[in-house]
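Only one structure is covered here, and it is reproduced in the block below.
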Amino acid sequence: MVAQRDDRISPEEYLRIDRESLDVKYEYVDGHMYAMSGGTRDHARIAYNMSNLLDAHLDNSPCRFFQSDVRVQVAESVYYYPDVTVTCSSEDTPGGGDTIYHPQLIVEVLSPSTEYRDRRKKFVAYQACPSIQEYVLIGTRYQIVEVFRRNTDGKMQLYEQFGPGQQVELASIGFTFPIAALYRRTDVPEQEK
C-alpha cells in the first residue's frame, strides 16, 4: 500500500501563516494556500477609483468598504482578498480584525492572469456566500463592467453589462455612478481592439 501525502492545512494554520507573512498575501481554498500576484498600473488605478467612489458614497452610511488588504471569508474553508469589498454588517465592525465575514458587495478588477478564476471558481464561491448581494467584474482590456446580482431564488445572475457613456447601478448599496469615473486616468480603451 502506498501512503498518499496530504499537503492540506487547516483554516487556523492558514490564518496564522497569512497573518505572519510580511510581504506576501495568501488566499485559501479547501486546505490549499495560493500566493497573490501583483497587478498592473491600470488595475491598481481602477481599484483606487472604485474605492474613492465608494468612500464618498458610503460616508454617512453604516456600510464600509475595504481594499485588497482585507481578507474575506466566503465559506468555512475559503478566504479571498477581493480588490474591493463592502460590508454593511454590524458584525464586521470598523477597526475590528483583519477579516470580513459578511460581505455584501464584492468587486474584482479583471486581469489576464486572474480573469478565468474570477469568472469561474471565485464566482461559484461568492454565489455560495449568502450575504453577497452583488458581484462586480471590471474589465481592463476595454471598458466594461459586469454586475451580477442575487435574484429572488438566491442565485447570482448577470444583471447588466455597462459600457462607455453609461451609468453603473449597484442596487445593494443604492449607488449609481458613471463608468468613466472608474477608468479615469487609465489607458484602458473604450472598445475592444
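Excluded from the calculations below are hydrogen atoms, water molecules and symmetry mates; all remaining heavy atoms, backbone and side chain alike, are included.
- With rounding to the nearest 0.5 angstrom, the CZ atom of Phe177 is 9.0 Å from the CD atom of Gln167.
- Between the CG atom of Leu54 and the CG atom of Asn49 there is a distance of 11.0 Å, given to the nearest 0.5 Å.
- A side-chain donor-acceptor contact under 3.5 Å links Asp42 to the backbone of Asp187.
- Formation of a donor-acceptor pair under 3.5 Å by the Thr87 side chain with backbone atoms of Arg64 is not found in this model.
- A continuous path of Ile, Leu, Val, Met, Phe, Trp and Tyr side chains, each step under 4.5 Å between heavy atoms, connects Ile46 with Val107, placing both in one hydrophobic cluster.
- Hydrophobic clustering (side-chain heavy atoms under 4.5 Å, transitive across Ile, Leu, Val, Met, Phe, Trp, Tyr) keeps Leu105 apart from Val78.
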With side-chain contact (heavy atoms from CB on, under 4.5 Å) as the criterion, how do Asp118 and Tyr135 come out once you've worked through the C-alpha distance, each side chain's angles and the decisive distance to 0.1 Å?
CA-CA 10 Å; Asp118 289 338; Tyr135 179 42; 3.7 Å; yes
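- For the pair Gln166 (side chain) and Gly163 (backbone), a donor-acceptor distance under 3.5 Å is present.
- In terms of hydrophobic clustering, with Ile, Leu, Val, Met, Phe, Trp and Tyr side chains grouped at heavy-atom distances under 4.5 Å, Tyr80 and Phe148 are assigned to a common cluster.
- Under a 3.5 Å cut-off, the side chain of Gln143 and the backbone N or O of Pro164 do not form any donor-acceptor pair.
- A distance of 6.0 Å separates CD in Gln133 from CD in Gln104, rounded to the nearest 0.5 Å.
- The two atoms that bring Pro11 and Glu76 nearest to each other are CG-O, 3.9 Å, heavy atoms only.
- Applying the salt bridge (charged side-chain N to carboxylate O under 4.0 Å, His left out) criterion to Arg19, with sequence neighbours excluded, gives Asp98.
- Expressed to the nearest 0.5 Å, how far SG of Cys129 lies from CZ of Arg150 amounts to 7.5 Å.
- Using a distance-only test at 3.5 Å, with no hydrogens or angles considered, no donor-acceptor pair links the side chain of Gln67 to the main chain of Ala47.
- Salt bridge annotation for Glu27-Lys121: absent, with no cationic side-chain nitrogen under 4.0 angstrom from a carboxylate oxygen.
- In this structure, Tyr28 and Tyr14 have parallel ring planes: the angle between them is below the 30° cut-off, well short of the 60° mark.
- Looking only at distances, a side-chain donor or acceptor of Thr140 sits under 3.5 Å from a matching main-chain atom of Leu110.
- Of the possible donor and acceptor atoms, one in the side chain of Arg8 sits under 3.5 Å from a partner among the backbone N and O of Asp30.
- Proximity of Lys122 to Ile106: side-chain heavy atoms (C-beta onward) are nowhere separated by under 4.5 Å.
- Residues Glu134 and Ile132 share a closest heavy-atom pair of O-CG2, 3.4 Å.
- Here the straight-line distance linking atom CG of Asp92 with atom OH of Tyr101 works out to 8.5 Å at 0.5 Å rounding.
- With values rounded to the nearest 0.5 angstrom, Phe66 atom CZ is found 15.5 Å from Asp83 atom CG.
- Connection of Ile179 to Ile173 is established within a shared hydrophobic cluster, with ILVMFWY side chains joined at heavy-atom distances below 4.5 Å, either directly or through further cluster members.
- Heavy-atom contacts from other residues, nucleotides or ligands closer than 6.0 Å to CD of Glu20 number more than 12.
- Within 6.0 Å of atom OH in Tyr116, 12 or fewer heavy atoms from other residues, nucleotides or ligands are found, so the atom counts as exposed in its surroundings.
- Counting heavy atoms from C-beta on, the side chains of Arg149 and Glu169 come closer than 4.5 Å.
- Arg71 places no side-chain N or O within 3.5 Å of a backbone atom of Ser68 that could act as its donor or acceptor partner.
- Without hydrogens or angle criteria, Asp153 side chain to Lys155 main chain gives no donor-acceptor distance under 3.5 Å.
- With no hydrogens or angles considered, a side-chain donor-acceptor pair links Tyr126 and Glu108 at under 3.5 Å.
- The neighbour count for Phe123 CZ, taken as heavy atoms of other residues, nucleotides or ligands under 6.0 Å away, is above 12.
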Would you check, one step at a time, whether the test side-chain contact (heavy atoms from CB on, under 4.5 Å) holds for Met50 with Val109?
CA-CA 10 Å; Met50 184 78 229; Val109 180; over 6 Å; no
